[in-house]
Participant: 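Have a look at the structure that comes next, please.
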Number of protein chains: 2
Amino acid sequence: MEAKTVDAGLLQSRYRLTRQRSAVLRALGEGTHLSAEMILERVRAEMPGVSLGTIYRTLDILRGIGLVQIFSYGGSAARYEAVLDKHHHLLCSECRSLTNVTAEGVERIARDMAAREGFSDIDFSLTVVGRCRDCAKHSHLQSV
Amino acid sequence: MEAKTVDAGLLQSRYRLTRQRSAVLRALGEGTHLSAEMILERVRAEMPGVSLGTIYRTLDILRGIGLVQIFSYGGSAARYEAVLDKHHHLLCSECRSLTNVTAEGVERIARDMAAREGFSDIDFSLTVVGRCRDCAKHSHLQSV
DNA sequence: CTCTCTGCAAAGCATTTGCACATTG
DNA sequence: CAATGTGCAAATGCTTTGCAGAGAG
């Protein structure tokens with residue numbers, strides 16, 4: 001029952017552990033940077049009939065508990081991922097692919113920023129937007 | 001005609017300089033972290049009849065040229081600001097207020113991340129989400 | 001058994017788009 | 001003038017919500 005590991009956070013919370021929530025957690029354990037629709041697809045594979053509304057409600061709860069992290073960047077649908085390690089994001093402005101990257105030193109800077117302005121209970125994330133290797137290769141567009 | 005300074009970027013671009021675009025740039029020069037609606041309000045003050053669609057189209061162009069920066073964080077409407085200095089953001093998870101902060105060292109880290117993964121033409125931004133001083137003071141909620 | 005969760009379908013926003021006319025260069 | 005830009009209004013896409021029945025503890 002490795003599910004227990006995944007579900008632990010929910011069990012410890014004030015929320016009920018339902019099959020739907022468990023399935024969402026499992027989906028997020030298998031894939032990363034999933035949109036709500038993509039999660040719905042995966043969840044429905046083993047449990048048809050689940051609604052998108054439930055996915056969104058669940059994701060919201062999981063984010064509140066701190067099990068899930070949202071990445072949203074104007075326009076497209078938000079992406080969700082399980083909170084495992086602390087990492088940052090590279091977003092390709094062309095193909096919209098997302099890459100996780102770890103980076104040293106960001107935490108200290110973030111904590112300094114927060115301290116200077118009196119922020120508490122912080123989370124932080126460095127996002128780099130640019131053109132990924134593949135898109136740079138496959139296109140002959142000039143940089144602006 | 002200080003407008004020239006503001007309009008320069010557009011004049012140098014392949015886009016036409018219209019009264020609407022000029023007004024959007026001026027609005028962004030006066031306020032920061034404005035939503036499209038807020039910009040519309042300001043622009044309409046001097047030029048009634050401008051449409052929201054035009055604001056969005058203009059903002060998109062300005063972002064493409066690099067004159068404007070978007071900040072979007074799930075749920076609420078995106079915020080726009082003129083690109084003046086390089087800064088980062090503190091977002092209060094409670095009152096949703098946005099604060100600009102400059103920080104040393106972020107650029108080198110971002111460039112390292114990009115280099116490691118082969119990203120080019122990058123822009124980067126460190127976002128810290130937390131509880132601002134005021135919200136921490138006025139509420140007696142426990143940290144999660 | 002009570003309280004919470006879910007599916008369904010409709011509503012809500014923010015943003016985008018097609019089109020005919022107006023404007024810029 | 002030819003090419004672009006604009007207003008209008010409708011369309012789109014993502015996310016949220018009200019409600020009545022189902023499920024968890």
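First the proteins, then the strands, lettered A, B, ... as listed; each starts at 1. Heavy-atom basis, side chains included; hydrogens, waters and symmetry copies ignored.
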Participant: Identify, between B/E37 and B/R19, the residue whose nearest nucleotide on DNA chain C lies closer to the 5' end.
Facilitator: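 This one resolves to B/E37.
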Participant: If you check every side-chain atom of B/S51, which of C/dC5, D/dC8, D/dC14 has the closest atom?
Facilitator: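 Per side-chain heavy atoms of B/S51, the pick is D/dC8.
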Participant: Whole angstrom is fine here: how far is it from CD1 in B/I61 over to C1' in D/dT6?
Facilitator: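 B/I61 atom CD1 is separated from D/dT6 atom C1' by 11 Å.
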Participant: For B/I39 and C/dT15, what is the distance between atoms CD1 and P respectively, to the nearest whole Å?
Facilitator: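 To the nearest whole Å, that distance equals 10 Å.
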Participant: Could you check how far CZ of B/R14 sits from C1' of D/dT4, rounded to whole Å?
Facilitator: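 The answer, rounded to whole Å, is 10 Å.
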Participant: For the pair A/S76 and A/R96, evaluate side chain to side chain donor-acceptor pair (under 3.5 Å) and give the outcome as yes or no after the intermediate values.
Facilitator: CA-CA 9 Å; A/S76 20; A/R96 298 247 128 194; 2.7 Å; yes
Participant: Please report, rounded to the nearest Å, how far the P atom of D/dG7 is from the OH atom of B/Y56.
Facilitator: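 After rounding, the reported distance stands at 15 Å.
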Participant: Based on the rotation axes of five pairs at each end, what angle does the helix from C/dC1-D/dG25 to C/dG25-D/dC1 bend through, to 10°?
Facilitator: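 It works out to 50° between the end axes.
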Participant: Need to verify one output field. Residue with the more 5' nearest nucleotide on DNA chain D, B/R16 or B/I55?
Facilitator: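 First, find each residue's nearest nucleotide; the 5'-ward one identifies B/R16.
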Participant: Can you confirm whether the side chains of B/E81 and B/T32 place a donor and an acceptor under 3.5 Å from each other?
Facilitator: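 Per modelled atom types, B/E81 and B/T32 side chains form a pair under 3.5 Å.
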Participant: Does any donor atom in the side chain of B/H89 or B/N100 lie under 3.5 Å from an acceptor atom in the other side chain?
Facilitator: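 Result is yes, a qualifying pair exists.
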Participant: From the set C/dT24, C/dT6, C/dT15, return the single nucleotide nearest to any side-chain atom of B/T18.
Facilitator: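 From the listed options, C/dT24 comes nearest.
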Participant: Considering only C/dT6, D/dT15, C/dT23, which nucleotide approaches the side chain of A/Q20 most closely?
Facilitator: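 From the listed options, C/dT6 comes nearest.
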Participant: Base, sugar-phosphate, or nothing: which does A/L52 touch, judged by heavy atoms less than 4.0 Å apart?
Facilitator: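 Since a base atom lies under 4.0 Å of A/L52, the category is base.
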Participant: I want to check one thing: is the phosphate of D/dT6, taken as OP1 and OP2, less than 4.0 Å away from some side-chain N or O of B/R21?
Facilitator: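 For B/R21, the contact criterion (side-chain N or O under 4.0 Å from OP1 or OP2 of D/dT6) is met.
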Participant: Counting N and O atoms only, with roles assigned by atom type, does the side chain of A/T58 sit under 3.5 Å from a partner on the main chain of A/T54, one being a donor and the other an acceptor?
Facilitator: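 It does hold such a pair.
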Participant: Is the backbone N or O of B/G130 less than 3.5 Å from a side-chain atom of B/S93, with the two atoms forming a donor-acceptor pair by type?
Facilitator: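 Yes; at least one donor-acceptor contact below 3.5 Å.
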Participant: Quick check: does any side chain N or O of A/R44 sit under 3.5 Å from a backbone N or O of A/V50, one acting as donor and the other as acceptor?
Facilitator: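 Yes.
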Participant: Grab the OH-C1' distance between A/Y73 and C/dA14 for me, whole Å please.
Facilitator: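 Roughly 17 Å, once rounded to whole Å.
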Participant: How many Å lie between CG on A/L40 and C1' on D/dG13, as a whole number?
Facilitator: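 Whole-Å distance recorded here is 15 Å.
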Participant: With a 3.5 Å distance limit and no angle check, can you tell me whether A/K86 reaches the backbone of A/F124 through a side-chain donor-acceptor pair?
Facilitator: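 Side chain of A/K86 to backbone of A/F124: a pair is present.
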Participant: Which nucleotide sits closest to the side chain of A/L17: D/dG25, D/dG7, D/dG5?
Facilitator: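 Of the candidates, D/dG25 comes closest.
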Participant: Nearest whole angstrom, please: distance from the P of C/dC5 to the CG of A/L59.
Facilitator: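 In whole Å, C/dC5 P and A/L59 CG are 15 Å from each other.
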Participant: In whole angstrom, what separates B/R79's CZ from C/dC13's C1'?
Facilitator: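 From B/R79 CZ to C/dC13 C1': 14 Å.
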Participant: Nearest to the A/Y15 side chain among C/dC5, C/dG7, D/dT16, which nucleotide is it?
Facilitator: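 Closest nucleotide to the A/Y15 side chain: C/dC5.
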Participant: Measure from the side-chain N and O atoms of B/R21 to the backbone N and O of B/R16, and report whether any donor-acceptor pair falls under 3.5 Å.
Facilitator: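 At least one qualifying donor-acceptor pair exists.
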Participant: Is a donor-acceptor pair below 3.5 Å formed from side chain A/R57 to base C/dG7, judging by atom type as modelled?
Facilitator: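 Yes, the side chain and the base share a sub-3.5 Å donor-acceptor pair.
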